[in-house]
Amino acid sequence: MTDLSNLKYSEEHEWVALEGATATIGITDFAADALGDIVFVELPEVGAEFTRGDVFGEAESTKSVSELYAPVTGTVVEINDAVVDDPALLNSSPFGDAWLIKVEVADGALDGLLDRDAYVAHTEA
Amino acid sequence: MTEPRYTPLRDRHEALGASFTDFGGWQMPVRYTSDLAEHHAVREAAGIFDISHMAEFIVDGARAAEYLDYALAGRLSVMAVGKAKYSLLLAEDGGIIDDVIVYRMGEQRFLIISNAGNRDAVREALTARTGSFAAGAPVPPSADGSFGFIAGSSGDVAVDDVSDDYALIAVQGPKAAEIVAAIDGIDEVSVPWDEQKYYAWASARYRGKPLLLARTGYTGEDGFELLVDAADAAELWDAALAAGADHGLVPAGLAARDTLRLEAGMPLYGNELSLDTVPAQAGLGRVVVADKERFVGKDALAGGSTGAGAQAGRTLIGLTAEGRRAGRAGYAVVLEDGTVVGEITSGALSPTLGHPIAMAYVDPSSAEEGTDLFLDVRGTKIPATRTALPFYRRKK
């Protein structure tokens, strides 16, 4: 089980785990629950570049469509094909198997993101 | 801003962990666990829905049947006692005020179930029409040859909004009949269980009070809608869940209800139906009995009205696509060159069929066979195939 307190969060309900210069990005359980059953995920190509706040993909549930917002600035180095093939992973394992993309980032990429307590407070606001 | 309303089953939904959503001013369960699991349960076993937000009206009186022939688009007077019928309440200009189910409770007594969000409009129209109906002399002879001596009096027919007195619980799915028959506390059932027909109803008692067992629904499956005294709704809900425990019955929310009814090609008021839509545009021309002597909306429909919204020349079609990206309500239907020819009114990735389905209004010239249509899914054109409704039909 991922230690959620080691992750950083955006107000748009993405999480970020940074190892070296590689940020792994996913959506939170709060986002997955709010969407309902996720049935389709669109992710960018490897090599795509994003600035924080850009839309990098989409998650569709039976009822709604949500855009995915890049929580960091950088270049996509890997995408998670498993979650594209089986979007329900986002509901069952949002912090684990259902990571979405890995992004090569510069120093300070996490500045301004929320820690766990602040994120939880944000979802309860 | 009015206060959100809750049904008598609110605490049951909360105890089951439901997420709530606003629907016509009501806080209703949107899902309990998973939209898809609830959807599949209804297709494969059974689901139980709280639909107490829907509105109920009793139409009663010596000329009630004749009145409904005037007030609604269908011919209700020929319906036998014990039966139910889908009908439309039209505006003078032919636009749809609501779609309703009418149950014939007796020779002179009918129950109408309408959509929650249209309760006030339906009550106002039905009530106003008692007056214009009575004023519509001369009165034709009734079926037995006697004349309606009470024409013009308010005693001909009365409309009573009983929505607040009752709760409505739907049990839908292939196991529904078996489950409802096993509910503890139901007795004095007027029709033997194995003789209860689809689009018919039986009377019964639940805890000594009147219970309506209507074999109707909104999911494309067999099922029942149980109209019960609001005070007894929670106990009946519990009893139904207990009866269904070994049959795969699960509580199901509005999200599942919406994908189920879409697969079944059933229109939703506010999506496919509106005051700006006349029945033929929505594929409901068969519901209108145009050769009735008089009914509200007749003149407008005879004159080719397309409703108040001047949305002439559009027709409701079904569309299917490949892949997993669904067109949603409000998305455009386009031609290959990008010309917009219509708009999706309901769309989803069909949980049962596994591919996207949608209902859409399109220009009739684009509805013809051989026209290549595309769904504009947020800028991506997805090829779509015109498909006869319903998308899904249950096995008999």
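Residue numbering restarts at 1 for every chain, and letters A, B, ... go by the order of the sequence lines.
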Please list every donor-acceptor pair closer than 3.5 Å that links chain B with chain A, giving the two atom names and the distance for each.
from   : atom 1 : to    : atom 2 : distance (Å)
B:S34  : OG     : A:D37 : OD1    : 3.1
B:S34  : OG     : A:D37 : OD2    : 2.6
B:D35  : N      : A:D37 : OD2    : 2.7
B:D35  : OD2    : A:T62 : OG1    : 2.6
B:L36  : N      : A:D37 : OD2    : 2.6
B:D258 : OD2    : A:K63 : NZ     : 2.9
B:R324 : NE     : A:V39 : O      : 3.0
B:R324 : NH2    : A:V39 : O      : 3.3
B:R325 : NH2    : A:E58 : OE1    : 2.8
B:R328 : NH1    : A:S61 : O      : 3.3
B:R328 : NH1    : A:T62 : O      : 3.1
B:R328 : NH2    : A:E60 : OE1    : 2.7
B:R328 : NH2    : A:S61 : O      : 2.8
B:R378 : NE     : A:E58 : OE1    : 3.3
B:R378 : NE     : A:E58 : OE2    : 2.7
B:R378 : NH2    : A:E58 : OE1    : 2.4
B:R378 : NH2    : A:E60 : OE2    : 2.9

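Ranking B:A348, B:P351, B:A326 against chain A, the residue ahead of the rest is B:A326, based on heavy-atom pairs under 4.5 Å.
For A:L35, the part lying near chain B is the backbone, with the side chain staying farther off; criterion is any non-hydrogen pair under 4.5 Å.
Applying the side chain to side chain donor-acceptor pair (under 3.5 Å) test to B:Y6 and every residue at least two apart in sequence or in another chain returns nothing.
By the 6.0 Å contact criterion, CD on B:E336 is open, its count of non-hydrogen atoms from other residues, nucleotides or ligands being 12 or less. Within 6.0 Å of CZ on B:F23 lie no more than 12 heavy atoms contributed by other residues, nucleotides or ligands.
A 4.5 Å side-chain heavy-atom check between B:V377 and A:V65 finds every atom pair outside the cut-off.
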